[in-house]
Enquirer: 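Here it is: the structure, laid out below.
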Number of protein chains: 2
Amino acid sequence: MTTDPATTGSRPRGQTRERILEAAMEVFAEVGFSGATISEVERRVGLAVGTGSLYRHFPSKQALLDAAVEREVASLRAEMAQARAAVAEVADPLERRRLGYEQSLHDFRRFDRLFRLMLTEGERVPELRQAIWAAVQRDVPGALGDRDVVDAIAMAALGGYHLFSLMQGRPFNGIPEERFLAVLAGLTGPPEN
Amino acid sequence: MTTDPATTGSRPRGQTRERILEAAMEVFAEVGFSGATISEVERRVGLAVGTGSLYRHFPSKQALLDAAVEREVASLRAEMAQARAAVAEVADPLERRRLGYEQSLHDFRRFDRLFRLMLTEGERVPELRQAIWAAVQRDVPGALGDRDVVDAIAMAALGGYHLFSLMQGRPFNGIPEERFLAVLAGLTGPPEN
DNA sequence: GTCTATAAGTAGATAGAC
DNA sequence: GTCTATCTACTTATAGAC
């Protein structure tokens, strides 16, 4: 047949698109928007390099970035929602807090690629900033209680731990995750007010 | 005279070099290495744009990055050492701890440009990673005491607060710096062991 | 849906006049 | 020490055959 994939070099509809988006997200996170090249994405996907093979799927480099970010955000949202549902009902307050922190830390890990991308290309994808902050931000109406500040400190500590670990290429200052979480949970509770 | 700056277009030796390095650090921090263009640096310095005016001062873009980073690191080291000397001797432990945290937070602010650059171009300037971590890292020989972990938590929280504030474009979750520092200092002390 | 060929623009870098 | 002119390589993007 003339439409046989093996003879025409074509693949099932939509499958290549997904692989392009995954590879693109990788490259963008690694080297940023300007550092990324269409050729490199083509290379990782297995398309012909240096030619516009990719442009049959996306009209421009910017459109590729937008689509890759959108896909990543949607994917992470689903992942997080699923993980949340599994926790929630633990009796011991200290253990519940520790588990919550563990969740948040894993969320940071999940967001890693988007995180890096936001740092380098924040203004290029305004939607990106919002999407990320919906997860971390907690705006308290009215006056901030000490408890709100403590919660923010915990969140900042987890974000810092994640980032510093990433930079050092090992657990931050050699402190294992479990240890960090346990001490942090002990530090931030019990509530004072 | 034929050597008059006004007629030859030349400037005092070394002065242009400094202005180039400052402008380059700015651009690199803003858009990363690949995003930065020699032309943009020339524009900010006031040199002819689009031509290799800059190459009379630095042999390559990479050399420019290296020199800019080295200058920034040296400058920050001096600044920090000076700031440290001014604190140190406060009687009240709580207040001393709060002051220490304030110092660290300000250090993070100072390191901001290098910080961003390391996140985006970490592998391109290996020296950069080392230089930054000399300031934050604290490797404890032997077993980690709870106090060491608490100190790391404080450092991580300050780093996270700084970064999140940067991203949100305002104090993290609306919490003013003084409030954050005061609550954090209360949380991490007094030492338990 | 993938490939070859190629156009158009941009960025790093060099040579040489002033 | 700065400028004009220019080279080369790379990158985005398009046209069209298979």
Side-chain angles (χ1 to χ4, degrees), chain A residues 1-24 26-28 30-68 120-121 124-125, chain B residues 1-24 26-28 30-68 120-121 124-125:
Chain A
M1 319 280 215
T2 56
T3 55
D4 183 288
T7 58
T8 59
S10 65
R11 290 206 192 84
R13 163 117 193 147
Q15 192 171 320
T16 303
R17 186 188 160 89
E18 278 301 298
R19 292 170 58 229
I20 289 178
L21 287 176
E22 175 57 24
E26 241 177 46
V27 176
F28 283 138
E30 282 172 19
V31 295
F33 184 77
S34 25
T37 64
I38 299 293
S39 294
E40 178 58 26
V41 177
E42 289 170 336
R43 183 171 297 117
R44 298 196 188 191
V45 176
L47 294 175
V49 175
T51 164
S53 326
L54 191 147
Y55 287 98
R56 288 281 152 172
H57 300 267
F58 300 93
S60 72
K61 192 181 177 183
Q62 177 69 47
L64 177 62
L65 174 66
D66 293 342
T120 59
E121 316 292 340
R124 207 181 292 273
V125 194
Chain B
M1 319 278 210
T2 56
T3 56
D4 184 288
T7 58
T8 59
S10 65
R11 290 204 191 83
R13 162 118 192 150
Q15 192 170 322
T16 303
R17 185 188 161 89
E18 278 300 299
R19 293 170 57 229
I20 289 179
L21 287 175
E22 174 57 25
E26 241 176 46
V27 176
F28 283 138
E30 282 173 20
V31 296
F33 184 77
S34 24
T37 64
I38 299 293
S39 295
E40 177 59 25
V41 177
E42 288 170 339
R43 183 172 296 115
R44 299 197 187 189
V45 175
L47 294 176
V49 176
T51 163
S53 326
L54 191 145
Y55 287 97
R56 287 282 153 173
H57 299 269
F58 300 93
S60 72
K61 191 182 178 182
Q62 177 68 48
L64 177 61
L65 174 65
D66 293 342
T120 59
E121 315 291 341
R124 206 180 294 272
V125 195

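Owing to the predicted nature of the structure, the values given are computational and were not obtained by experimental measurement.
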Enquirer: Rounded off to whole Å, could you give me the CZ-to-C1' distance for the B:Phe28 and C:dA11 pair?
Expert: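 In whole Å, C:dA11 C1' and B:Phe28 CZ are 13 Å from each other.
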Enquirer: Rounded to the nearest angstrom, tell me the gap between atom CG in B:Leu64 and atom P in C:dG12.
Expert: 10 Å
Enquirer: Looking at C:dA15, C:dA5, C:dG12, which one has an atom nearest to any side-chain atom of B:Arg56?
Expert: C:dA15
Enquirer: Would you indicate what B:Ala36 reaches in the nucleic acid, counting non-hydrogen atoms under 4.0 angstrom: base, sugar-phosphate, or nothing?
Expert: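 Answer is sugar-phosphate: B:Ala36 comes under 4.0 Å of backbone atoms only.
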Enquirer: In whole angstroms, how far is the P atom of C:dA15 from the CG atom of B:Leu54?
Expert: 17 Å
Enquirer: Would a distance-only check, ignoring hydrogens and angles, find a side-chain to backbone donor-acceptor pair under 3.5 Å from A:Glu42 to A:Gly50?
Expert: yes
Enquirer: Mind calculating the distance between CD (A:Gln62) and C1' (D:dT11) to the nearest angstrom?
Expert: 16 Å
Enquirer: Check this for me: does any side-chain nitrogen of one of A:Glu30 and A:Arg44 sit under 4.0 Å from a carboxylate oxygen of the other?
Expert: yes
Enquirer: Any donor-acceptor pair under 3.5 Å joining the side chain of A:Ser53 to the base of C:dT2?
Expert: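 Donor-acceptor pair under 3.5 Å: no.
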Enquirer: Look at the side chain of A:Glu40 and the backbone N and O of A:Val27, then say whether any donor-acceptor pair between them is shorter than 3.5 Å.
Expert: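 Not at all, since once roles are kept as given, no pair shorter than 3.5 Å links the two residues.
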Enquirer: I need the CD-C1' distance between A:Glu18 and C:dG1, as an integer number of Å.
Expert: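 Going from CD in A:Glu18 over to C1' in C:dG1 covers 16 Å.
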Enquirer: Consider the side chain of B:Ser60, meaning its heavy atoms from C-beta on, and name the nucleotide among C:dA13, C:dT2, D:dC3 that approaches it most closely.
Expert: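 Nearest to the side chain of B:Ser60 among the choices is C:dA13.
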Enquirer: With a cut-off of less than 4.0 Å, is there a side-chain N or O of B:Tyr55 near OP1 or OP2 of C:dA13?
Expert: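 So the side-chain polar atoms of B:Tyr55 do come within 4.0 Å of the phosphate oxygens OP1 or OP2 of C:dA13, strictly under.
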Enquirer: When you measure from the side chain of B:Thr37, which nucleotide among C:dG12, D:dA13, C:dT4 comes out closest?
Expert: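 Nearest to the side chain of B:Thr37 among the choices is C:dG12.
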Enquirer: Distance-only, no hydrogens or angles: does the A:Arg19 side chain make a donor-acceptor pair with backbone N or O of A:Val45 under 3.5 Å?
Expert: yes
Enquirer: Please report the distance, rounded to the nearest Å, between CZ in A:Arg43 and P in C:dT2.
Expert: 17 Å
Enquirer: If you find the nucleotide of DNA chain C closest to A:His57 and the one closest to A:Gly52, which residue's nucleotide is nearer the 5' end?
Expert: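 Upstream on the strand: A:His57.
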Enquirer: Could you check how far NZ of B:Lys61 sits from C1' of C:dA13, rounded to whole Å?
Expert: 12 Å
Enquirer: Grab the CZ-P distance between B:Phe33 and C:dG12 for me, whole Å please.
Expert: 8 Å
Enquirer: Under a 4.5 Å cut-off applied to non-hydrogen side-chain atoms, are B:Leu47 and B:Ile20 in contact?
Expert: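 In contact.
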Enquirer: Using a 4.0 Å heavy-atom cut-off, does B:Thr51 contact any base of the nucleic acid, only the sugar-phosphate backbone, or nothing at all?
Expert: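 B:Thr51: base contact, heavy atoms under 4.0 Å.
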